[in-house]
Structure formats: structure tokens, C-alpha cells
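Just follow the structure's listing: the first ligand is 1, and inside any ligand the first atom is 1. Quick note: numbers below take in every heavy atom, side chains included, and nothing from hydrogens, waters or symmetry partners.
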Amino acid sequence: MSKSVDYQGAWQLMMNAGTLALVSHLGPDGDTLGSTLALGEALKRAGKKVILFVDDDIPHTFRFMPGVETYQLPKADVPVPCDLTVVVDASSKDRMGAAEDCLSAPILNIDHHISNTHYADWLLLDPKAAATGEIMYLMFQANGVELTETMALNLYTAIVTDCGFFKYANTTSRCMMAAADLLQYSIQPNEISDLLEMKSRDTIELLAKVLPSMTFYADGRISTMEIPYELYNKEISTDSFIYYPRYIDGVEAAVMFKQVEPNQTRVSMRSRNVDVSAVALSFGGGGHVRAAGCTIGAPLPEAKKRLLEVLIKAVEEA
Ligand code: 5GP
Ligand code: MN
């Protein structure tokens, strides 16, 4: 069980360290990257030595984020000495990837997932925050940390990624106020929106191939789409695909299956009300009530069968 810390407590822990390793989660998104990059910049400005880790490729979409080129790939067998590990936006320890093996310093976890497994020594958790970027912003405010234009750009990107540009149920007045303040640092919201929404032709061509896989279950309350191993290409972003099964009249829960290895299927879920984080958690994943994911160690058809058994029950009981 982690010890809970508040904004001051978390900042103090970091101020007591000389060298800090900051870790973003596997399958990095705008929130984990933006929050980590802004924190890294704040810590460097406070005179700290900072190393950033992410055990994954950074999608092209996020390459515009200032400082993103400073990320290193953790190597399980190369220990990295530091005073404190800060894990950002990751609800379970396995989301650190190989960073879990090369870092042995105590862990501070800053997160907003309801499914957080309390794996860290210290935890700054706020499931009401739309994004970890919102928590980071509030922590900076509470500790009088000055923002720079690049920190603001990274935090704004973090927030809009996770609240879908203020469309999702996690959007609050507090989240909008944080974003409104960040806009004072020469940020052009339309430019960030364009950068995040832009798709490659490869993505749209793949979408055309996988749209016909759309299938409905539970009287149309569940919609699924799938990318079999033959069509899977690590280089092609498919994060936007879940939009299609999700926004269909009558659909309560949408699922995207992606066979990333012959025996491994990535699952992405979105819902209107049903708690998909509980479904994901039962397969070792996690997330939020209305957006969650997991990886199932089975080929796609078997993974789909196993997941649907649980999801259909959840939808029917709701
Ligand atoms: P996505 O479907 O966009 O990959 O993920 C939706 C949400 O679920 C995100 O907040 C993400 O952090 C969380 N999530 C996705 N996959 C996993 C997973 O394998 N483990 C955990 N703990 N959380 C996940
Ligand atoms: Mn997040």
C-alpha cells in the first residue's frame, strides 16, 4: 500500500532528491509524455539531474512536444542509480516496462487512474483529474513553480489528450481553468489540435481495411472492431479507430482488438456508463470508468471470446 502525498508532499520528496528518473508508461500518450516532460523541465530548473525513460517508441503524433527527444529506452540489465523514481500516469507497475527492472530507487507515482494498484512507495492520486497533466499543473501552482512556454505547451497537450478536447465526461471546470491559464503562454489551441488530429494516409488506408470487421453484440449495445496480426503494423497509428464503434446510436461499449503478436492481443475499450476499467482490471489491465485497456495473452479470436464474456455480462447487468 502506498503512502498518500499531497502537492506539497510530492514536491518536497522531489526537492530532497538530487537525481531523479522520470518514467512514462508503455504505449505512451499525450498525457504521460506531456506531464513527464513538464515535470522534467521544472525539476531541471530547480537544479536537479533528470533522466526520462519510456520503454516504447514514441508515436510520430507526439514528436512536436518540446523535449521529447531526450527520452531514453530503459535496459532491464543496465541499472540506473538515482535517488527517486517518479512514475507518471501509470496505474500499475508493469506499465513501466523494463524501467521496472533498471530502477531500484523508491517510487513516487503521480496518477489519475481509478484503477491505481498502489504499487508505489508514495502516491499522488486524483481520479477526479481529467489528466495527470492537470495534477501536475495544480502541483506546480501549489508549490509556486513558475511555468515556461514549453512546460505550458506540454501540460496543455497532456490535458486535451485525455479529455478529448474537453468533450469527455472527465472534463470539469477545474480542468478547463487549468487549460485556460496555460493558454496564456502563447499556445495556439488550433495548432495543437491539428497536430494531434492529423492522420497519415497509411492510417486511413488501414481503417478502410478494418472497418468491415465491425460487429455488434448484446442487442447492439456492444460494438467491436479488430486488427488481425496480418494487418498489424507497429508503425501505423490506430488510436483513432475506436471512435467508429464508439459513436454509434445504441452502442454502450466499444472495443478495439489488435493482435500485436501471434499470441498477444491489445484491447481498448470505451463506454458511455459501464465501468470498463473493472473489465480491464480483470484481465490485468486498467484505466478509467469510460476508457480502459488491457493485453490478453492469446490470439485475437480467443482474446475476443474471453473479453466479450465479461463485457456482455457487465453491459447486461448495468
Ligand atoms: P487506450 O485504450 O487509449 O489504450 O487506453 C485507455 C485508458 O486505459 C488509458 O487511460 C490507459 O492508461 C489505460 N490502459 C490501457 N491499457 C492499459 C493496460 O494494459 N494496463 C493499464 N493499467 N491501463 C491501461
Ligand atoms: Mn492520463
Side-chain angles (χ1 to χ4, degrees), residues 23-39 54-56 59 61-62 87-97 100 109-120 123-138 154-165 168-171 175 178 196 224-227 237-246 253-258 260-261 264-271 274-298 303 307 311:
V23 182
S24 295
H25 64 68
L26 293 178
D29 57 18
D31 187 25
T32 194
L33 295 172
S35 305
T36 307
L37 288 166
L39 179 62
V54 64
D55 190 13
D56 228 328
T61 316
F62 303 119
V87 185
V88 181
D89 193 42
S91 61
S92 55
K93 202 171 186 189
D94 57 298
R95 303 280 283 157
M96 298 171 69
E100 192 182 339
N109 178 207
I110 304 180
D111 187 34
H112 69 131
H113 292 93
I114 188 108
S115 64
N116 191 287
T117 59
H118 294 248
Y119 59 91
L123 176 61
L124 173 56
L125 176 70
D126 182 359
K128 290 206 176 76
T132 298
E134 182 183 333
I135 302 177
M136 219 51 97
Y137 168 85
L138 294 167
N154 279 321
L155 290 178
Y156 184 84
T157 304
I159 292 172
V160 297
T161 297
D162 268 28
C163 69
F165 289 93
Y168 301 159
N170 58 5
T171 303
C175 146
L196 293 175
T224 65
M225 257 171 66
E226 49 204 85
I227 305 178
S237 168
T238 57
D239 292 349
S240 57
F241 289 12
I242 191 90
Y243 176 95
Y244 297 92
R246 177 184 202 179
V255 196
M256 181 79 216
F257 295 96
K258 186 154 75 170
V260 295
E261 300 279 351
Q264 209 175 76
T265 305
R266 275 283 314 154
V267 179
S268 253
M269 289 180 281
R270 299 291 182 269
S271 86
V274 168
D275 184 358
V276 286
S277 100
V279 176
L281 209 53
S282 72
F283 289 93
H288 310 280
V289 172
R290 295 177 176 84
C294 57
T295 301
I296 300 178
L307 189 108
L311 184 63

*In Å, rounded to the nearest 0.5 Å, how long is the span from CG of Asp126 to NE2 of His113?*
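Reported to 0.5 Å precision, the distance equals 12.5 Å.
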
*May I ask you to check if ligand 1 and His113 share an N or O to N or O distance below 3.5 Å?*
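Yes - when backbone and side-chain N and O of His113 are compared with those of ligand 1, one distance drops under 3.5 Å.
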
_Geometry only, no angles: is Ser91 polar-contacting ligand 1 at N/O separations under 3.5 Å?_
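In this structure, Ser91 places an N or O atom under 3.5 Å from an N or O of ligand 1.
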
*From the Mn ion (ligand 2) out to just under 2.8 Å, does an N/O/S atom of His113 turn up?*
no

_Closer than 2.8 Å to the Mn ion (ligand 2): does that hold for any N, O or S atom in Asp111?_
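No, Asp111 does not qualify, because none of its backbone or side-chain N, O or S atoms lies under 2.8 Å.
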
Nearest protein heavy atom with distance in Å, relative to [atom]:
atom                    : result
atom 1 (P) of ligand 1  : Ser268 OG, 3.5 Å
atom 21 (C) of ligand 1 : Gly286 N, 3.3 Å
atom 7 (C) of ligand 1  : Ala291 O, 3.4 Å

*Polar side chain donor-acceptor pair, Arg266 to Thr295, under 3.5 angstrom*: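 Short answer, yes.
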
_Polar contact flag, side-chain donor to acceptor under 3.5 angstrom, Asp162-His288_ = no

*Can you tell which part of Cys294 has a heavy atom less than 4.0 Å from ligand 1: side chain, backbone, both or neither?*
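Under 4.0 Å from ligand 1, Cys294 contributes backbone atoms alone.
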
*Does Arg270 have a non-hydrogen atom less than 4.0 Å from ligand 1?*
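Heavy atoms of Arg270 do come under 4.0 Å of ligand 1.
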
*In degrees, rounded to 10 degrees, what angle do Asp89 atom OD1 and Asp162 atom OD2 make at the Mn ion (ligand 2)?*
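Here the angle at the metal atom is close to 170°, to 10°.
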
*Angle at the Mn ion (ligand 2) between OD2 of Asp31 and NE2 of His112, to 10°?*
100°

*Show the numbers, then the answer: is there a side chain to side chain donor-acceptor pair (under 3.5 Å) between Ser24 and Thr36?*
CA-CA 7 Å; Ser24 295; Thr36 307; 2.8 Å; yes

